[in-house]
Amino acid sequence: MESERPAVPAKPLLRTLAGEAVWPPPAWLMRQAGRYLPEYRQVRAQAGDFIALCTTPELAAEVTLQPIRRYGMEAAILFSDILMIPWALGQPLRFAEGEGPLLEPLRTPEAIAALDPSLVVERAAPVMETVSRVRAGLAAEAPRTTLIGFAGGCFTVACYMLEGKGSKEFPAARGLAYADPALFGRLIRTLQDATTEYLVAQVEAGAEALMLFDSWAGMLSPGQFRRWVIEPTASITRNLRRRCPGIPIIGFPRLAGPLLADYAARAGVDATAMDTSMDPRWAAQAVPATMALQGNLDPLALVAGGAALEAETRSILAAMRGRPYIFNLGHGIVPQTPPEHVTALMRILRSA
């Protein structure tokens, strides 16, 4: 007798990640909880500083839910930061107004060896409480909305840990990867272990899907991209499949260009996110039709609004019609975005 097929998840985003071409497509926006929203700014002022906001569960849960209440996206993404893993590993971290994240840079093999992935889940306990609170909030307020947990890709997080701050080129990390690949690999393996534990804990706390943000992947040569982006991601996804069977995973190798196809084939993810520079028509041909794509509206088109926003949105939708697809931006919402333009975007999407 033929075995029964498993029930398709009811939530639109989970259906898409399972390979169904849901239409209109589910939608959410990177940095949908952020400074463009007046309600976020009120909570941010109450928290005092960014790390306090990320580690105060009632406040982090509130800002995660704010855009869902306002716009009704099909996914809520945990409000946190990719640098919470270095913070949980014990690397000093602060966020300076106008400068962004500042870490005490790793400069010696001894500093890298001192990082202990076994401490991450305990130190990041407030993040897990936020996940639990958001999941309960969604069950009560938006039962069709999926909760996405996330972490940074290993290469991107290593860039910040070695540089100590944001950079256009991240020469410390890229240079070490060439000059001492054994030492750089030790840091990457530490991050693989820490990221796996961190994401498993998010699933146990209530995350229904996961996303890996490798924001600086596109700076690498093809060989380095495969070694330091695809291989660590594949290791993490293998471990997640073993420990959290069935959890869907979205990967975002920003600025990967034609290497997006290689990433989609080898990284072990269920969906591949496209950055703003990616031609969605090319991606639709290069990535298997059974794999979901996500993206890739220019955040500045959202700022512009009007006819430009509608034209860009409908062009992307036309390229993605008939395949598993999640509408999103090609990078995060910028602070100057008028909130009413997000309302207009959601109206366009729902009339698709």
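Nothing here was measured: the structure is a model prediction, and the numbers come from that model.
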Could you give me the CA-CA distance, side-chain angles and deciding distance for Thr146 and Glu74, then say whether side chain to side chain contact (heavy atoms under 4.5 Å, CB included) is met? CA-CA 6 Å; Thr146 299; Glu74 280 76 29; over 6 Å; no
Do Thr343 and Arg347 have side-chain heavy atoms sitting under 4.5 Å apart? yes
Residues at least two apart in sequence or cross-chain that pass side chain to side chain donor-acceptor pair (under 3.5 Å) with Ser235, listed by chain then number, are Gln192
Find out whether Ser80 and Tyr198 are in side-chain contact, i.e. whether some heavy atom of one side chain is under 4.5 Å from a heavy atom of the other. yes
Check for me, please, whether Ile82 and Leu102 land in the same ILVMFWY cluster - side-chain distances under 4.5 Å, paths through other members count. no
Of all heavy-atom pairs linking Leu191 and Cys154, the shortest is CD1-O, 3.5 Å
Within the side chain of Asn296, is there an N or O that forms a donor-acceptor pair under 3.5 Å with the backbone of Met278? yes
Within the structure provided, determine whether Ile68 and Leu138 are in side-chain contact (heavy-atom separation under 4.5 Å). yes
Any non-hydrogen side-chain atom of Phe95 less than 4.5 Å from a side-chain atom of Asp49? no
Set out, in order, the CA-CA distance, both residues' side-chain angles and the distance that settles side chain to side chain contact (heavy atoms under 4.5 Å, CB included) for Arg133 and Met128, then state yes or no. CA-CA 9 Å; Arg133 285 172 176 258; Met128 307 314 154; over 6 Å; no
Is there a chain of hydrophobic side chains (I, L, V, M, F, W, Y, each step under 4.5 Å between heavy atoms) that links Met274 to Leu255? no
Could you grab the distance from atom CZ of Arg266 to atom OG1 of Thr237, nearest 0.5 Å is fine? 11.5 Å
Kindly check if the number of other-residue, nucleotide or ligand heavy atoms within 6.0 Å of CZ (Arg35) is above 12? no
Do Arg226 and Tyr263 come close enough that some side-chain heavy atom pair is under 4.5 Å? no
With a 4.5 Å cut-off on side-chain heavy-atom distances among I, L, V, M, F, W and Y, is there a chain of contacts connecting Leu302 to Val334? no
Phe252 vs His331 aromatic rings, parallel, tilted or perpendicular, using cut-offs 30° and 60°? tilted
Please say yes or no: joined through hydrophobic side-chain contacts below 4.5 Å, possibly via intermediate residues, are Leu83 and Val121 part of one cluster? no
Backbone N/O of Met161 and side chain of Gln91: donor-acceptor pair under 3.5 Å: yes
Is there a path of hydrophobic side-chain contacts, each under 4.5 Å between heavy atoms, that joins Val120 and Ile188? yes
Go through Glu208 and Arg15 one step at a time and tell me if the salt bridge (Lys or Arg N to Asp or Glu O under 4.0 Å) criterion holds. CA-CA 12 Å; Glu208 301 169 274; Arg15 289 165 55 198; over 6 Å; no
Nearest heavy-atom contact between Asp275 and Ala256 is OD2-N, 3.9 Å
Check the pair Ser221, Tyr178 against side chain to side chain contact (heavy atoms under 4.5 Å, CB included), reporting the backbone distance first and the verdict last. CA-CA 11 Å; Ser221 70; Tyr178 280 117; 3.5 Å; yes
If you draw a 6.0 Å radius around CZ in Arg281, do more than 12 non-hydrogen atoms from other residues or ligands fall strictly inside? no
Is there a side-chain contact between Glu204 and Val200 in this structure, where contact means two heavy atoms from C-beta onward sitting under 4.5 Å apart? yes
Hey, is the main chain of Tyr40 close enough, under 3.5 Å, to the side chain of Gln66 for a donor-acceptor pair? yes
N/O donor-acceptor pair under 3.5 Å between Gln294 side chain and Ile326 backbone: no
Is there a donor-acceptor pair closer than 3.5 Å between any side-chain N or O of Thr64 and the backbone N or O of Ala60? yes
Backbone N or O of Val287 within a donor-acceptor pair of the Thr272 side chain at under 3.5 Å? no
Please report, to 0.1 Å, the donor-acceptor pairs under 3.5 Å made by any side chain of residues 304-314, with sequence neighbours excluded.
{"from": "Glu310", "atom 1": "OE2", "to": "Arg314", "atom 2": "NE", "distance (Å)": "3.0"}
{"from": "Glu310", "atom 1": "OE2", "to": "Arg314", "atom 2": "NH2", "distance (Å)": "3.3"}
{"from": "Thr313", "atom 1": "OG1", "to": "Leu309", "atom 2": "O", "distance (Å)": "2.8"}
{"from": "Arg314", "atom 1": "NH2", "to": "Ser351", "atom 2": "OG", "distance (Å)": "3.4"}

Contact list for residues 55-72, test salt bridge (Lys or Arg N to Asp or Glu O under 4.0 Å), sequence neighbours left out: Glu39-Arg70, Glu62-Arg69, Arg69-Glu141
Please check if atom CZ in Arg107 has more than 12 non-hydrogen atoms from other residues, nucleotides or ligands closer than 6.0 Å. yes
Polar contact flag, side-chain donor to acceptor under 3.5 angstrom, Tyr160-Trp216: yes
Is Arg135 reaching over with its side chain to a backbone N or O of Ala207, donor-acceptor style, under 3.5 angstrom? no
Trace of the side chain to side chain contact (heavy atoms under 4.5 Å, CB included) decision for Phe155 with Arg174: CA-CA 9 Å; Phe155 173 73; Arg174 293 166 62 210; 4.1 Å; yes
Is there side-chain contact between Pro25 and Thr16, with heavy atoms separated by less than 4.5 Å? no
Quick check: closest heavy atoms across Leu297 and Thr276, and the distance to 0.1 Å? O-OG1, 3.9 Å
If I take atom CE from residue Met84 and atom CG from residue Leu78, how far apart are they, to the nearest 0.5 angstrom? 9.5 Å
Can you tell me how far CZ of Arg350 sits from CG of Leu345, rounded to the nearest 0.5 angstrom? 9.5 Å
Which atom names give the shortest non-hydrogen contact between Ala286 and Ala261, and what distance separates them? O-CB, 3.8 Å
Inspect the contact between Lys168 and Glu163 and indicate whether a charged nitrogen and a carboxylate oxygen are less than 4.0 angstrom apart. no
Any donor and acceptor pair, going by atom type alone, linking the side chain of Thr156 with main-chain N or O of Ser215 inside 3.5 Å? yes
Can you confirm if the aromatic rings of Phe327 and Trp28 lie within a centre distance of less than 6.0 Å? no
Non-hydrogen atoms of Ala273 and Leu260 that approach each other most closely: O-CD1, 3.9 Å
Which distance, rounded to the nearest 0.5 Å, do you find between the CZ of Phe150 and the CG of Leu212? 10.5 Å
Spacing of Leu13 atom CG and Glu20 atom CD [to the nearest 0.5 Å]: 11.5 Å
Under a 4.0 Å threshold between the charged nitrogen and the carboxylate oxygen, would Glu197 count as salt-bridged to Arg243? yes
Are the side chains of Pro67 and Met73 in touch, meaning some heavy atoms are under 4.5 Å apart? yes
Separation between CG of Leu93 and CD1 of Ile85, rounded to the nearest 0.5 Å: 12.5 Å
Answer yes or no: is there a donor N or O on one side and an acceptor on the other, between the side chain of Asp180 and the main chain of Leu183, under 3.5 Å? yes
Flag, side chain of Gln32 to backbone of Leu29, donor-acceptor distance under 3.5 Å: yes
Do Asp193 and Arg189 pass the salt bridge (Lys or Arg N to Asp or Glu O under 4.0 Å) test, and can you show the C-alpha distance, the side-chain angles, and the key distance before you say yes or no? CA-CA 6 Å; Asp193 293 343; Arg189 286 190 297 276; over 6 Å; no
Minimum heavy-atom separation for Pro324 to Thr290, with atom names? CG-O, 4.0 Å
